[in-house]
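Letters A, B, ... mirror the listed sequences (proteins, then strands); counts begin at 1.
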2 protein chains.
Amino acid sequence: MTSKSTMREVASKAGVSIATVSRVINSPDEVPTETVERVRAAMRYLNYRPNINGRRLKMAQTRSVGVLVPTMANPVFATSVQGIEQAAHEDGLTVLLTSSNYDPQRELGAVSTLLNNRVDGLILTLANADDNPVIDLLKAENIPFVLLFNQPARKDVASISVDNARSAYDMTQAMIAQGHRSLAMVAGRFESSDRSKQRFEGFGKALSDAGLGAARLCQVGFGETELFTPLKSFLTGPDAVTGLVCSTDMLAIAAMSACREHGLSVPGDVSVGGIDGIAVGGLISPKLCSAVQPTQEMGQQALAFLRGLIRGQTNPQSLILPHQLSTGESIGPARHPSSPRL
Amino acid sequence: MTSKSTMREVASKAGVSIATVSRVINSPDEVPTETVERVRAAMRYLNYRPNINGRRLKMAQTRSVGVLVPTMANPVFATSVQGIEQAAHEDGLTVLLTSSNYDPQRELGAVSTLLNNRVDGLILTLANADDNPVIDLLKAENIPFVLLFNQPARKDVASISVDNARSAYDMTQAMIAQGHRSLAMVAGRFESSDRSKQRFEGFGKALSDAGLGAARLCQVGFGETELFTPLKSFLTGPDAVTGLVCSTDMLAIAAMSACREHGLSVPGDVSVGGIDGIAVGGLISPKLCSAVQPTQEMGQQALAFLRGLIRGQTNPQSLILPHQLSTGESIGPARHPSSPRL
DNA sequence: CTGAAAGCGCTAACAC
DNA sequence: GTGTTAGCGCTTTCAG
């Protein structure tokens with residue numbers, strides 16, 4: 001027996017009008033207790049289930065939010081979605097989930113679908129937050145949205161992130177402080193992640209501030225965990241590095257694995273640092289040293305921001321959270337420190 | 001300028017009726033190319049965006065599916081959701097996401113919300129698939145659904161899972177084959193996960209089949225990663241075990257961490273095995289030995305099943321996938337093998 | 001305190 | 001080919 005019963009049926013069963021049923025649902029205090037009870041009894045009897053789509057059509061708001069992340073396969077995003085979902089649940093909001101698979105092409109389509117659903121607002125992690133048609137669209141249509149993890153240059157969009165360049169800078173500096181002079185960054189493709197780009201810039205700045213040469217980069221596809229080959233030229237031969245700064249923790253864990261495959265120990269032969277602070281990083285051996293961000297809380301916070309925007313708050317807030325360098329064991333003194341340049 | 005334009009406006013702009021606009025959207029071939037173009041131009045001009053909720057109200061189907069998982073914070077579920085999302089995207093379906101946080105109490109509420117949204121069907125990972133009010137509800141209302149990871153006793157519900165007992169059995173047997181005689185299982189609370197329970201049963205059976213004593217259990221809360229204290233009595237003292245079979249990979253990784261904190265090496269002092277096959281398990285050192293299931297594919301498959309049910313297929317399929325014991329390094333010969341019982 | 005009535009945006013007969 | 005029309009289930013004035 002499919003739940004087909006409508007408000008009309010409940011009304012007739014309870015001997016009232018549909019308006020009263022609606023009131024019982026939405027503002028029970030405007031209806032005498034006795035009537036409320038009668039209507040509720042009818043609802044129970046008929047197994048009534050309000051059709052939210054009816055309400056959505058009528059009302060200005062749908063009480064739903066759209067979420068777009070690159071992929072759930074990376075714990076960073078999954079954890080943030082958990083935070084969003086939790087906060088949404090507390091707020092009685094429905095979450096529509098989409099993922100772009102790191103493909104900027106798919107972002108617009110996904111957001112478009114979300115907008116067709118008339119979501120009240122969006123939380124997005126975009127490939128590139130600057131110069132992105134999605135943002136133009138959202139701005140043009142005046143749809144509330146907040147960026148998560150993206151750290152856009154423009155200040156008229158709400159966003160929650162860490163200071164990406166800075167987190168890479170700090171991580172790099174920590175390695176330099178341990179005597180490392182020959183470093184490389186392992187990063188995802190910049191087209192797929194502006195965080196990657198910003199982090200690489202921080203890496204480069206830390207190097208140049210320390211008077212160390214050009215920034216070396218090992219760029220890999222996202223979701224890639226097989227780093228043996230990509231890292232070969234960085235880990236072996238005359239130009240071998242002693243430290244790897246990775247743009248994400250997943251990459252860092254994969255890099256540690258690749259080091260081992262090359263017969264190198266971490267941090268004995270090469271130090272590895274990550275950025276993100278995924279939970280598993282703290283459980284492995286050696287414990288991953290990472291620039292930690294409170295991923296789940298950021299998701300919750302993003303929803304709180306979004307709620308504000310939906311409620312009409314006009315000036316979008318940008319929150320740059322402090323990251324925290326975790327005390328990891330994956331970083332140690334450089335094995336063959338070249339003589340200091342100064 | 002909010003996207004307010006409706007079909008009616010498009011129609012008048014294009015000089016046709018709303019029926020024609022609807023046709024252009026849903027079956028363009030029934031409309032002369034020239035008219036299609038004119039209407040499309042009007043849509044572009046007005047920045048028209050179909051309101052899916054209008055359609056939903058009218059049509060029997062909403063082209064949306066509901067998903068309920070315990071949490072996105074565990075990569076097993078996150079990865080499966082990624083699979084679901086991907087398949088849904090290919091099918092043009094919208095995903096409504098909820099999570100129960102392992103709380104059976106919250107399951108019913110979440111599903112209820114999903115049903116109020118009139119989703120066409122559901123994919124669920126429940127705390128307990130047998131004797132669950134959610135299933136009764138869904139059955140009573142005749143809503144298509146498929147269970148993911150749950151392995152229910154009843155055969156009238158669709159499900160996709162591995163053989164949970166068997167996967168634990170095999171893992172345990174692998175340890176026994178390495179000479180382990182003193183084992184314990186680390187598992188989440190049974191009320192929160194029937195998989196845990198089934199896996200513990202498989203563990204117990206393997207022990208008794210090998211003539212080894214009672215099954216020892218270290219039960220912990222889900223999401224718990226601090227296992228130093230819970231495992232203390234299992235790792236130290238006269239009753240110390242030489243192997244830990246863990247009901248999930250996350251638990252296994254946490255257990256490995258706890259072993260180290262106790263000054264024990266894995267697998268030198270104690271062997272650790274997991275179940276699930278999360279990606280990170282293959283990247284850490286020692287590589288986690290796990291009973292691997294193809295998580296993401298299972299998500300996709302679940303959506304394929306669901307689609308079948310939605311299309312009217314009446315007999316729910318249950319798929320028990322083969323698990324695969326990964327060649328992990330986290331399991332080795334028992335340190336102090338007690339003399340064989342035979 | 002309660003009901004009648006007018007839609008929200010869309011689809012689908014059913015006419016023309 | 002195309003338009004008219006009657007709702008889908010709900011909320012919400014506006015009267016009574």
Side-chain angles (χ1 to χ4, degrees), chain A residues 2-40 42-43 46-64 92 94 113 115-120 141, chain B residues 2-40 42-43 46-64 92 94 113 115-120 141:
Chain A
T2 311
S3 99
K4 287 175 118 79
S5 70
T6 154
M7 235 171 72
R8 194 155 261 107
E9 300 177 52
V10 173
S12 84
K13 179 85 194 166
V16 297
S17 75
I18 61 168
T20 299
V21 177
S22 179
R23 285 189 194 102
V24 168
I25 294 171
N26 300 304
S27 38
D29 347 80
E30 295 178 12
V31 180
T33 329
E34 194 243 339
T35 313
V36 170
E37 279 319 316
R38 198 148 36 89
V39 172
R40 294 224 168 111
M43 298 202 289
L46 292 169
N47 233 297
Y48 174 68
R49 189 177 285 296
N51 185 336
I52 286 194
N53 296 312
R55 174 186 310 193
R56 291 215 171 108
L57 199 51
K58 185 70 183 176
M59 312 241 296
Q61 306 218 333
T62 58
R63 305 217 40 85
S64 65
T94 297
T113 301
L115 292 184
N116 290 355
N117 275 278
R118 295 299 191 271
V119 292
D120 293 336
E141 304 216 0
Chain B
T2 309
S3 97
K4 287 177 120 80
S5 70
T6 153
M7 235 171 70
R8 193 154 262 105
E9 299 176 53
V10 173
S12 84
K13 180 85 194 166
V16 296
S17 76
I18 59 168
T20 299
V21 177
S22 178
R23 285 189 196 100
V24 168
I25 293 171
N26 300 304
S27 38
D29 348 79
E30 296 180 12
V31 180
T33 329
E34 194 242 338
T35 313
V36 171
E37 278 319 316
R38 196 147 38 89
V39 172
R40 292 225 168 112
M43 298 202 291
L46 291 169
N47 234 295
Y48 173 69
R49 190 177 285 294
N51 184 336
I52 285 195
N53 297 310
R55 173 186 313 194
R56 291 213 171 109
L57 199 52
K58 184 70 184 174
M59 312 243 295
Q61 305 218 334
T62 58
R63 305 220 36 92
S64 65
T94 297
T113 302
L115 292 184
N116 290 354
N117 275 277
R118 294 300 189 271
V119 291
D120 293 335
E141 305 217 359

Q: Using whole Å, report how far CG of B:N116 lies from P of D:dC10.
A: 10 Å
Q) If only atom types and distance count, is the side chain of B:S64 paired as donor or acceptor with the main-chain N or O of B:T94 below 3.5 Å? A) no
Q. Rounding to a whole Å, what distance do you find between A:R118:CZ and D:dC10:P?
A. 20 Å
**Q.** First of B:A19 and B:M59 reached from the 5' end of DNA chain D, by closest nucleotide
**A.** B:A19
**Q.** Distance test, side-chain N/O of A:T6 to OP1/OP2 of D:dC8, below 4.0 Å
**A.** no
Q. Under the 3.5 Å rule, do the base of D:dG9 and the side chain of A:K58 count as making a donor-acceptor pair?
A. no
**Q.** Closest nucleotide among C:dG3, C:dT11, D:dT4 to the A:S17 side chain
**A.** C:dG3
(Q) Testing the 3.5 Å rule here: is there a donor-acceptor pair between the side chains of A:R118 and B:N53? (A) no
Q: With heavy atoms under 4.0 Å as the rule, sort B:V31 into base, sugar-phosphate or nothing.
A: sugar-phosphate
Q: Rounded to the nearest angstrom, tell me the gap between atom CD in A:E30 and atom C1' in D:dT11.
A: 12 Å
(Q) So if I take every side-chain heavy atom of A:S22 and compare against C:dC10, D:dT11, C:dT11, which nucleotide ends up nearest? (A) D:dT11
Q. Which nucleotide in the set D:dG1, D:dT13, D:dC10 lies at the smallest distance from any side-chain heavy atom of B:P32?
A. D:dG1
Q) Do the side chain of A:E9 and the main chain of A:T6 share a donor and acceptor less than 3.5 angstrom apart? A) yes
Q. From the list D:dT2, D:dT12, D:dT4, which nucleotide is the closest neighbour of the side chain of B:T20?
A. D:dT2
Q: Can you tell me the distance, in whole Å, between the CG atom of B:N26 and the P atom of C:dG9?
A: 17 Å
Q. Which whole-number value in Å describes the distance from B:I18 CD1 to D:dT4 C1'?
A. 9 Å
Q | Shortest side-chain distance from B:R55, nucleotide among C:dC10, C:dG7, C:dA13 | A | C:dC10
Q.
Checking contacts here: which listed nucleotide (D:dG9, D:dG3, C:dG3) is nearest the side-chain heavy atoms of A:L57?
A. D:dG9
Q) Which comes earlier along DNA chain C counting from the 5' end, the contact point of B:R23 or that of B:N51, where each point is its nearest nucleotide? A) B:N51
**Q.** N/O donor-acceptor pair under 3.5 Å between A:N47 side chain and A:M43 backbone
**A.** no
Q) Think B:T35 has a side-chain N or O under 4.0 angstrom from the OP1 or OP2 of D:dT2? A) yes
Q: Could you tell me the separation between the CG atom of A:N53 and the C1' atom of D:dC8, rounded to a whole number of Å?
A: 10 Å
Q | Distance in angstrom units between A:R49 CZ and D:dC8 C1', rounded | A | 18 Å
Q: Write down the distance between CZ (A:R56) and P (C:dC10), rounded to a whole number of angstrom.
A: 16 Å
(Q) Could you tell me if B:N51 and B:R56 have a donor-acceptor pair between their side chains, going purely by distance under 3.5 Å? (A) no
Q. So which heavy atom on B:S17 is nearest to which on B:A11, and how close?
A. C-CB, 3.6 Å
Q: Between A:P50 and B:G15, name the one whose nearest nucleotide on DNA chain D is closer to the 5' end.
A: B:G15
